[in-house]
S.K.: 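Mind having a look at this structure? Questions to follow.
Fair warning: this is a prediction, and the values are worked out from it, not measured in the lab. Just so you know, ligand 1 is whichever comes first in the structure, and atom 1 is the first atom listed for that ligand.
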Amino acid sequence: MMNRILATAKALETLGLGEIYLTSSLETKENQAVREDRNALLSELFSSYRDCTKCDLHRSRSQVVFGDGNPYSPIVFVGEAPGEEEDRQGRPFVGRAGQYLNRKIEEVLGLKREEVYITNVCKCRPPSNRKPTQPEIRACFPYLRKELEILSPRVICCLGATAAEGILGKNIPVTKARGKFFAYPYDSSVKVLLTYHPAYILRNPRADEQFTEDLERLRDFV
Ligand code: URA
C-alpha cells in the first residue's frame with residue numbers, strides 16, 4: 001500500500017503535480033479531525049433537518065428545535081417536544097418545565113445545564129402543546145437516532161412516557177417503570193432510565209421526591 005502511495009506521489013511529482021497531491025492529502029487529514037468533532041457532526045445533522053417537512057408539524061412550527069448542551073456529556077436527557085417558549089427561542093426546555101429541570105440537574109447531579117445534553121423525541125412544536133402523534137414521532141426518529149449515535153452517551157434519561165416510547169419503541173407506563181434501567185435497542189451498551197416529565201411534576205409536586213430519587217441513579221454516570 002505504502003509503495004503504491006509513494007509511486008503515485010513520484011509519478012505526480014514527475015508531472016509537476018506533487019504539490020497538489022500533498023495539499024489534498026493534508027486536507028483529508030484535516031477533514032478526519034473535523035469528522036471526529038461531535039459539534040461539527042451535529043451542526044451537519046442540524047443543517048440537514050433545518051427545513052424538514054417530513055410531517056405536518058412543519059406547517060405550524062416557527063423553527064426546528066434541535067438538542068443543545070455538551071455533546072460529550074455521558075448523560076443525555078430526552079423530552080417530548082418543544083412547547084411555545086422553545087418554539088420561540090429555538091432551544092429545548094427553556095420554559096417553566098425547563099427551569100425546574102435545570103434546578104434539579106444542579107441540585108441532584110451537581111451539574112450545570114450546559115454540562116449535559118438535552119433534546120426531544122420530536123423536534124417541532126405540536127399545535128396547542130398536544131402530544132406528538134405516532135407518525136410525527138416516527139418521522140423524527142431517524143434524526144434522533146443519528147443525534148444519539150453522534151453523542152454516544154452512557155445513559156439516556158427519558159423524561160415521560162412519550163420520550164420512553166420514542167426511545168424504546170414501546171409503550172411503558174412511567175409510574176411502574178420509573179427509576180428502572182433498560183437497554184437502548186440500537187446499542188445495548190447504552191442504558192435508558194425512565195422518569196417523569198418535569199411538566200408532570202409541576203402539576204403534581206408530590207412526585208418531586210421520586211424524580212429526585214430517579215436522578216440520583218444518574219450520579220454513577222457523571
Ligand atoms: N417539554 C418537552 O418535552 N420538551 C421541551 O423542550 C419543553 C417542554
S.K.: May I ask whether Leu159 and Val65 are part of the same hydrophobic cluster, defined by side-chain heavy atoms of I, L, V, M, F, W, Y residues being less than 4.5 angstrom apart, directly or through others?
M.R.: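 Not linked; separate clusters.
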S.K.: For ligand 1, what is the set of protein residues having any non-hydrogen atom at a distance below 4.0 Å?
M.R.: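 Around ligand 1, where the cutoff is 4.0 Å for heavy atoms, the contacting residues are Gly79, Glu80, Ala81, Pro82, Glu86, Pro92, Phe93, Asn120, His197.
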S.K.: Suppose we screen for ring pair (Phe, Tyr, Trp, His ring centres under 6.0 Å). Which residues come up paired with Tyr143, at least two apart in sequence or across chains?
M.R.: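 Ring pair (Phe, Tyr, Trp, His ring centres under 6.0 Å) check on Tyr143 returns Tyr49, Phe66.
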S.K.: For the ring pair Tyr100 and Phe93, is the centre-to-centre distance below 6.0 Å?
M.R.: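 Between Tyr100 and Phe93, the centre distance exceeds or equals 6.0 Å.
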S.K.: May I ask you to decide whether Lys112 forms a salt bridge with Glu115, counting only side-chain N to carboxylate O separations under 4.0 Å?
M.R.: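 No, Lys112 and Glu115 are not salt-bridged.
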S.K.: Mind checking what makes salt bridge (Lys or Arg N to Asp or Glu O under 4.0 Å) contact with Glu107, not counting sequence neighbours?
M.R.: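 Salt bridge (Lys or Arg N to Asp or Glu O under 4.0 Å) list for Glu107, sorted by chain: Arg103, Lys104.
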S.K.: Could you tell me which residues satisfy salt bridge (Lys or Arg N to Asp or Glu O under 4.0 Å) with Arg91, sequence neighbours excluded, listed by chain and number?
M.R.: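 Salt bridge (Lys or Arg N to Asp or Glu O under 4.0 Å) check on Arg91 returns Asp68.
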